[in-house]
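Worth saying up front: this structure is predicted, and the values here are computed from it rather than measured.
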Amino acid sequence: MNNPALPDVTAGADKDAPLKEDIRLLGRLLGDVLRDQEGAEVFDLVETIRQTAVRFRRDDDPDASKELTTMLHGLTRDQTISVVRAFSYFSHLANIAEDQHHNRRRRAHLLGGSAPRAGSIGYALDKLAGAGIGRDEVQAFFNDALISPVLTAHPTEVQRKSILDAEHDIARLLAERDTPLTPRERQRNEQMLHARIATLWQTRMLRYSKLTVADEIDNALSYYRITFLRELPALYDDIEFEIAEQYGPDDGAQDDAPKPHASYLQMGSWIGGDRDGNPNVNADTMRHALTRQSTTILDFYLDEVHALGAELSASTLLVDVTPALELLAQNSPDASPHRSDEPYRRALIGIYARLAATARELGVGHILRKEVGHAAPYLDPELFAADLETLADSLRQNHGAMLTMPRLAGLLRAARIFGFHLASLDMRQSSDIHERVLAELLARAGVEPDYAALDEDAKIALLLRELDSARPLISLWDTYGEETTSELAILRCAREIRLRYGPRAIRNYIISHTETVSDLLEVLLLQKETGLLRASSTTGEVMVIPLFETIPDLQRAAGIMDAWMALPFVANVIAKQGHLQEVMLGYSDSNKDGGFLTSNWELYQAELKLVDVFAQQKVKLRLFHGRGGTVGRGGGPSYDAIRAQPPGTVNGQIRLTEQGEIIASKFSNAEIGRRNLELLVSATLEASLTPNTASEAQTGRLHRFESVMAELSNRAYKAYRDLVYDTPGFTDYFFAATPIAEIAELNLGSRPASRKSTRRIEDLRAIPWGFSWGQCRLLLPGWFGFASAVHGWLGEGEREAKLAELRTMFQEWPFFATLLSNMDMVLAKTDLPIARRYAELVADVELRERIFKRITAEHALTLTILEDITGTGERLQGNPLLARSIQNRFAYLDPLNHLQVELIGRHRALALDPASQVDARVHRGIHLSINGVAAGLRNTG
């Protein structure tokens, strides 16, 4: 019998009806809170603005535009803040409802007994088994793989923990409504939702002091508590279950299962170690990052061990234990006669005491539950895992295998995944700083008075000589400049952190703006000077990783890596790394440099060339994809992006950045987070093991497709560069028609918006560049130049044959299909009427009309070309859920954009009046609107 309180998820029902019901419920409750907290007048004002904005969108009504402008201009400062907050909170609440609906649909799919969904581990294993891939190959993959999402900070997405906690509660209460509830329980649930939304309204959404790196670290760690600490270990269990389901039980053969210590999915972080362009990152922030990370994981271990002590109450009067477990119990500081027959509890009291001692040694300031007695700290996390394994082994041997399942198995898994460091912290710095530091060291040591003036060959020769030399460059009795002192302190700190927290705590050093082999050798030499590289044995503790970012850098990447790996000294270092070398590719700067199409093509080309070079050098390649949230920065669905990688570029090794509101959208809900982690593993598994069975004809077509892409890329590059870099006044237009100036001015993050104190687009960081275009709803970095390229190519003759070729590319080539799919998503979020409102902020009418006209003409042409290739003029026809999601939220998102334009206009007018003072409420309103628009679009960062 159906419970009327449950959503109907049967095949004939409106599958989105529960989502609409949830959004209506949350919207109604937010309205009730608004009416109660701010009064009926503000509630009516919000609703009037919403309805007028809907009319503006639906009809492109000039009268609606005038009404809206007049209405917003007439708002008092306090009214403006209330209205911005109302629409911003609705964006957040709509996200919660959508996440719950994704979970609901997934459960309905699983309960319906349907075939595994694309992106699941079950789907990947079905596909591989069908292609003849056996258990041994799958298990070898998991034993050797490294899949690592790397969290990075984002200036607009550092939410306060109070907000995250309230939203987490709202998500939990919303999910509870899908279970059978009595009428009173349902009423109570709604009352609690009302209360939590009221809490949100009364809680300050944003920090108004300048954000620090410490704030960004704490924000990222909140997602570990919500998702990663429990969902990563659980996913490992699911994967083992799916392998057994696909290939049958392993018959007890140890080698038939993934190695217990094979931690193929691990977390990484840049927050606290990425100092490229961030003067606020130094040795102290690195220490702080590891202390906070270690505190987070040790708090988790202590809580879990304490809970295990309550659960594992087995008595030796009733069941035997292994000698190893008995010894562990005897070594416990617990001497209570009440537990003399409960060895598991005594052992866990001893483990807790050792963990508490470890926590204190690693800087944990407060331990909630005091241990029973003194115990020596664990020297490393492997010893902690070994003690847990002793418990598990004793249970398995004495009729207690099932008792490992509730908690112990997950804790043991967590210990192996997270260690005492939680996540590997990457270090990153720009190559020009390394050069300056070494130039000073070499000059002070009397080795070379002007290192920077040497040509590349001379630099390489000098650096190799110094790497071979036993004599240090650094003198303990000399003093160095501030920059040199800081950089050396950071490298020494990295060595200290590795000794303190284990080798996985820091294992990667990324070099931004890598342009030459000497850029890499310089970091090796700095590591030698600070004890991270033992030159006598060519053993490096931290891998040196080049980051190729701009279009020219990507084009040089394969040649640089070939020359790098050919150096005998380097070849020995790489051999000690397991014949593995990582290369990072930057999506953001290459897009800002060359546009959407050219960036994607040059990345594809660079990967293919790197595969060839690494194969010749017999070195395993691991690619690190520096992707942002927006498509213009390499964003889009990770599953599709990984599967669309060129053949040979994955091979069980992949790292990729996760940042901005993408972290919140992927990982602020535990179930959604687990699904996203599964997508990463599944896509990597498929991309690594799917046989390449292309026929000769298919290979020929691929070469032809690549030739077409090369031609289109050249044309797109010229079109994009002509607008962004060669059009007089474009920089002025950009700074006036987007909130870039406000993003830079309002100190929205710990990192400056620009690498230099200029208004040059070349110096602007890629995050604020892409983010600004997202805020004004043009998202230009995700599509501009494509249409001009295709239109010009088709116009040179044989239009129908060429168009047919593009259609074939879309049907047969995953790279091109993903490219168009991502562009389609961007265009669905692009809105020219809204963008026109931002363009009105450009005071120079001639400049405004000239540039906006070019942009709108390219946009119209892009829609036409996309329809010609794909056969549909509807956006997101292949993803109706996302299409409906975008349409549903526009009524609440559009007013935020209109309000942002109004607030920016006020702010800039005040700035022009020397007699006026900065209005903090206007600042606050702009900041709130930026957060709300980002939340509403979900991948604009």
Side-chain angles (χ1 to χ4, degrees), residues 137 140-141 144-146 431 456-457 459-461 463-464 467 508-511 514-524 533 538-540 543-586 590 600-626 642 644-655 684 687-694 696 698-700 702-703 705-707 709-710 815:
E137 290 170 275
F141 165 87
D144 297 332
L146 176 66
S431 59
E456 176 65 4
D457 288 343
K459 283 181 179 177
I460 290 174
L463 293 167
L464 289 172
L467 282 166
N508 302 303
Y509 193 116
I510 296 155
I511 307 167
T514 300
E515 297 174 341
T516 60
V517 171
S518 64
D519 289 338
L520 296 163
L521 287 171
E522 285 165 2
V523 176
L524 275 187
L533 171 71
T538 60
T539 301
M543 186 185 290
V544 173
I545 300 168
L547 168 51
F548 300 108
E549 300 174 271
T550 65
I551 300 299
D553 290 348
L554 290 169
Q555 292 169 342
R556 288 191 293 259
I560 290 171
M561 296 311 296
D562 193 24
W564 160 255
M565 292 185 293
L567 295 172
F569 185 92
V570 172
N572 288 332
V573 171
I574 292 174
K576 300 285 175 58
Q577 293 169 180
H579 300 281
L580 171 73
Q581 173 66 52
E582 186 171 300
V583 174
M584 185 173 184
L585 301 176
S590 60
N600 277 275
W601 175 240
E602 291 297 343
L603 285 158
Y604 182 93
Q605 286 282 91
E607 290 183 45
L608 285 176
K609 291 172 184 173
L610 285 167
V611 167
D612 289 342
V613 163
F614 273 67
Q616 291 165 14
Q617 296 281 358
K618 295 183 173 56
V619 174
K620 191 168 189 177
L621 169 65
R622 177 166 64 224
L623 287 175
F624 183 8
H625 300 269
I642 293 171
Q645 292 299 303
T649 58
V650 181
N651 292 329
Q653 300 285 323
I654 190 167
R655 296 207 302 147
T684 307
S688 300
L689 295 187
T690 300
N692 185 7
T693 56
E696 190 173 325
Q698 289 171 321
T699 302
L702 179 58
H703 291 324
F705 295 164
E706 291 173 345
S707 176
M709 274 300 301
F815 167 78

Response to the item:
Which of Thr538, Val544, Leu467, Thr539 passes side chain to side chain contact (heavy atoms under 4.5 Å, CB included) with Leu533? It is Leu467

Discussion item. Working to the nearest 0.5 angstrom, can you tell me the gap between Asp612 CG and Lys609 NZ?
Written reply: 10.0 Å

Fill in: Closest heavy-atom pair and its distance - Val650, Ala687
CG2-CB, 3.8 Å

Worksheet item: Pick one: which of Asp519, Leu585, Ile511, Leu520 meets side chain to side chain contact (heavy atoms under 4.5 Å, CB included) with Pro546?
Response: Leu520

Fill in: Listed partners of Lys459 passing salt bridge (Lys or Arg N to Asp or Glu O under 4.0 Å), at least two apart
Glu435

Worksheet entry | salt bridge (Lys or Arg N to Asp or Glu O under 4.0 Å) involving Glu515 - partner list, sequence neighbours excluded | none

Worksheet entry | Phe569 and Leu521, any side-chain heavy atoms less than 4.5 Å apart | no

Practice prompt. List for me each residue that meets side-chain contact (heavy atoms from CB on, under 4.5 Å) alongside Asp457, sequence neighbours excluded, and say none if there are none.
Written response: Asp455

Worksheet entry | Euclidean distance, Ile510 CD1 relative to Asn508 CG, rounded to 0.5 Å | 6.0 Å

Item to complete: Rounded to the nearest 0.5 Å, what's the gap from CE on Met543 to CG on Leu524? Could you check?
Response: 11.5 Å

Discussion item. For the OG atom of Ser707 and the CG atom of Leu702, what is their distance to the nearest 0.5 Å?
Written reply: 11.0 Å

Fill in: Which residues share a ring-ring contact (aromatic ring centres under 6.0 Å, His included) with Trp601, sequence neighbours left out
Tyr604

Worksheet item: Minimum heavy-atom separation for Val583 to Leu621, with atom names?
Response: CG2-CD1, 4.0 Å

Item to complete: Taking salt bridge (Lys or Arg N to Asp or Glu O under 4.0 Å) as the test, write out the residues that go with Arg655, two or more places apart.
Response: Asp426, Glu582

Worksheet entry | 4.5 Å side-chain heavy-atom contact, His625 and Met584 | no

Worksheet item: Any sub-3.5 Å donor-acceptor pair from Gln617's side-chain atoms to Trp564's backbone N or O?
Response: no

Worksheet item: For Asp553, which residues count as a salt bridge (Lys or Arg N to Asp or Glu O under 4.0 Å) partner, sequence neighbours excluded?
Response: Arg556

Worksheet, complete the sentence: d(Gln581 CD, Ile574 CD1) to nearest 0.5 Å is 4.5 Å

Fill in: Check: Phe614 and His579 side chains under 4.5 Å, non-hydrogen atoms
no

Worksheet, complete the sentence: Smallest heavy-atom separation, Asn692 atom then Pro647 atom, equals ND2-CB, 4.2 Å

Fill in: Greater than 12 external heavy atoms within 6.0 Å of Lys618's NZ
no

Response to the item:
Rounded to the nearest 0.5 angstrom, the OG1-CD1 distance for Thr516 and Ile460 is 7.0 Å

